[in-house]
Amino acid sequence: MPITATHVNLYHVCHRELWLHANEVRMEHTSDTVSEGKLIHETAYPQRAERYREIVLDGVKIDFYDPKAKVVHEIKKSNKAEAAHLAQIKYYLYILEQNGIEGATGILEYPTLRITETVTLTPTDRSEMVKWLTNITVILNSLTCPPLLHAPICKRCSYYDFCYVGE
Ligand code: SF4
């Protein structure tokens with residue numbers, strides 16, 4: 001199974017959520033962590049969306065890539081899972097680099113908070129990425145579901161009822 005940007009994002013949110021998602025356990029309402037920005041992008045930035053292309057490299061889909069400026073644009077609603085958002089963009093930059101596109105940058109935007117961050121891939125990120133991908137592969141291949149997180153973010157996770165039904 002190719003490691004997707006959603007896998008990298010969820011790895012930084014909750015290993016159990018990553019495993020449940022990878023094993024196609026789906027709940028009725030969608031999780032906050034998955035591709036929420038696409039809709040915001042298309043509705044809030046119709047003109048800007050024109051210069052961005054959807055591209056797929058090594059099975060990884062990048063929704064908004066500007067090939068001229070070599071910029072990945074990612075929009076999120078809330079910055080509560082900022083580390084996961086940054087990791088997702090860094091994975092896009094890593095995949096671009098692995099495919100010969102060097103020096104790309106990312107723009108992470110939270111329109112409702114009026115926050116914009118520029119994201120680059122550093123040498124530390126590259127070595128961290130190798131660790132993340134190794135750990136993600138272990139989780140994806142595991143036959144057992146990782147333990148409960150017992151964290152405040154559980155309350156806004158789509159798996160909340162599933163995880164805490166017996167508690
Ligand atoms: S409810 Fe909590 S433990 Fe369960 S998948 Fe979501 S974040 Fe992880």
Side-chain angles (χ1 to χ4, degrees), residues 1-22 24-122 124-126 128-129 132-133 136 149 151-160:
M1 173 192 312
I3 294 177
T4 67
T6 299
H7 292 147
V8 174
N9 182 317
L10 294 179
Y11 172 72
H12 289 82
V13 176
C14 170
H15 294 181
R16 183 180 173 93
E17 187 174 356
L18 166 61
W19 189 93
L20 290 168
H21 176 84
E24 301 193 342
V25 179
R26 297 282 185 266
M27 307 314 285
E28 275 174 18
H29 58 289
T30 54
S31 165
D32 183 41
T33 53
V34 182
S35 206
E36 69 204 5
K38 197 167 181 192
L39 187 65
I40 307 173
H41 201 135
E42 282 162 355
T43 50
Y45 301 107
Q47 332 82 322
R48 273 208 269 167
E50 277 175 23
R51 58 185 151 95
Y52 291 97
R53 303 276 171 277
E54 180 183 294
I55 60 166
V56 181
L57 296 168
D58 299 340
V60 176
K61 186 156 74 71
I62 305 176
D63 289 332
F64 294 98
Y65 178 62
D66 176 347
K68 261 193 188 163
K70 295 203 282 188
V71 169
V72 175
H73 196 197
E74 187 67 28
I75 294 184
K76 300 289 189 192
K77 218 165 31 181
S78 142
N79 64 350
K80 287 204 175 94
E82 189 184 6
H85 301 158
L86 290 171
Q88 180 183 341
I89 296 181
K90 284 173 193 254
Y91 185 51
Y92 290 144
L93 300 180
Y94 179 81
I95 288 291
L96 285 165
E97 204 173 81
Q98 295 289 306
N99 284 274
I101 302 165
E102 294 188 6
T105 54
I107 297 174
L108 172 60
E109 203 165 345
Y110 300 104
T112 49
L113 304 170
R114 297 170 192 256
I115 295 174
T116 302
E117 287 180 52
T118 302
V119 186
T120 54
L121 195 67
T122 66
T124 311
D125 293 330
R126 285 185 196 96
E128 280 297 298
M129 188 68 65
W132 297 347
L133 299 181
I136 290 169
L149 200 60
I153 57 153
C154 293
K155 291 238 162 76
R156 55 188 181 88
C157 175
S158 61
Y159 292 111
Y160 182 77

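- The shortest heavy-atom contact between Ile89 and Gly106 is CG2-CA, 3.9 Å.
- Side-chain contact between Tyr52 and Asp63 is absent, with no heavy atoms from C-beta onward closer than 4.5 Å.
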Legend entry - Derivation of the side-chain contact (heavy atoms from CB on, under 4.5 Å) call for Ile55 and Val60: CA-CA 8 Å; Ile55 60 166; Val60 176; over 6 Å; no

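- A donor-acceptor pair is defined here as one N or O able to donate and one able to accept, closer than 3.5 Å; such a pair exists between the side chain of Lys70 and the backbone of Glu102.
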Legend entry - side-chain contact (heavy atoms from CB on, under 4.5 Å) between Arg26 and Tyr159, intermediate numbers included: CA-CA 8 Å; Arg26 297 282 185 266; Tyr159 292 111; 4.2 Å; yes

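- Proximity of Leu96 to Tyr65: side-chain heavy atoms (C-beta onward) are separated by under 4.5 Å at one or more points.
- Atoms CD and CD, from Glu117 and Glu74 in turn, are 12.5 Å apart once rounded to the nearest 0.5 Å.
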Inset, instruction - Report the C-alpha separation of His7 and His21 in whole Å, then their side-chain angles, then the decisive distance to 0.1 Å, and conclude whether the side-chain contact (heavy atoms from CB on, under 4.5 Å) test is met. - result: CA-CA 8 Å; His7 292 147; His21 176 84; 4.2 Å; yes

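- Paired with Tyr94 under the rule side chain to side chain contact (heavy atoms under 4.5 Å, CB included), one option of Leu121, Asn99, Val8 passes, and it is Leu121.
- The two residues Arg51 and Pro67 come nearest to each other via the heavy atoms O-CD, 3.9 Å.
- Proximity of a side-chain donor or acceptor of Tyr91 to a complementary backbone N or O of Ile3 within less than 3.5 Å is detected.
- A salt bridge between Glu128 and Lys90 is absent, with no side-chain N of the basic residue lying under 4.0 Å from a carboxylate O of the acidic one.
- Side chains of Met27 and Tyr160 form no contact here, defined as non-hydrogen atoms less than 4.5 Å apart.
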Inset, instruction - Tell me, with the steps shown, if Leu57 and Tyr92 meet side-chain contact (heavy atoms from CB on, under 4.5 Å). - result: CA-CA 9 Å; Leu57 296 168; Tyr92 290 144; over 6 Å; no

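- In this structure, Leu149 CG and His15 NE2 are separated by 9.0 Å, a value rounded to the nearest 0.5 Å.
- Across all non-hydrogen atoms, the minimal contact from Gln88 to Ala5 is CG-CB, 3.8 Å.
- In this structure, Pro111 and Ile75 have side chains that are in contact, with non-hydrogen atoms separated by less than 4.5 Å.
- One distance of note links CD1 of Ile115 with CD of Glu82; it measures 7.5 Å at 0.5 Å rounding.
- Closest heavy-atom contact between Val72 and Leu93: CG2-CD2, 4.1 Å.
- Across every non-hydrogen atom of Trp132 and Tyr11, the tightest pair is CD1-CE2, 3.8 Å.
- A 4.5 Å side-chain heavy-atom check between Leu108 and Lys76 finds at least one atom pair inside the cut-off.
- Inspection of the Thr6 and Asn9 side chains reveals no N or O donor paired with an N or O acceptor under 3.5 Å.
- Of the inter-residue distances, the one linking Met129 atom CE with Ile136 atom CD1 reads 8.5 Å to the nearest 0.5 angstrom.
- Between His85 and Tyr110, the ring-plane angle classifies as tilted under the 30° and 60° cut-offs.
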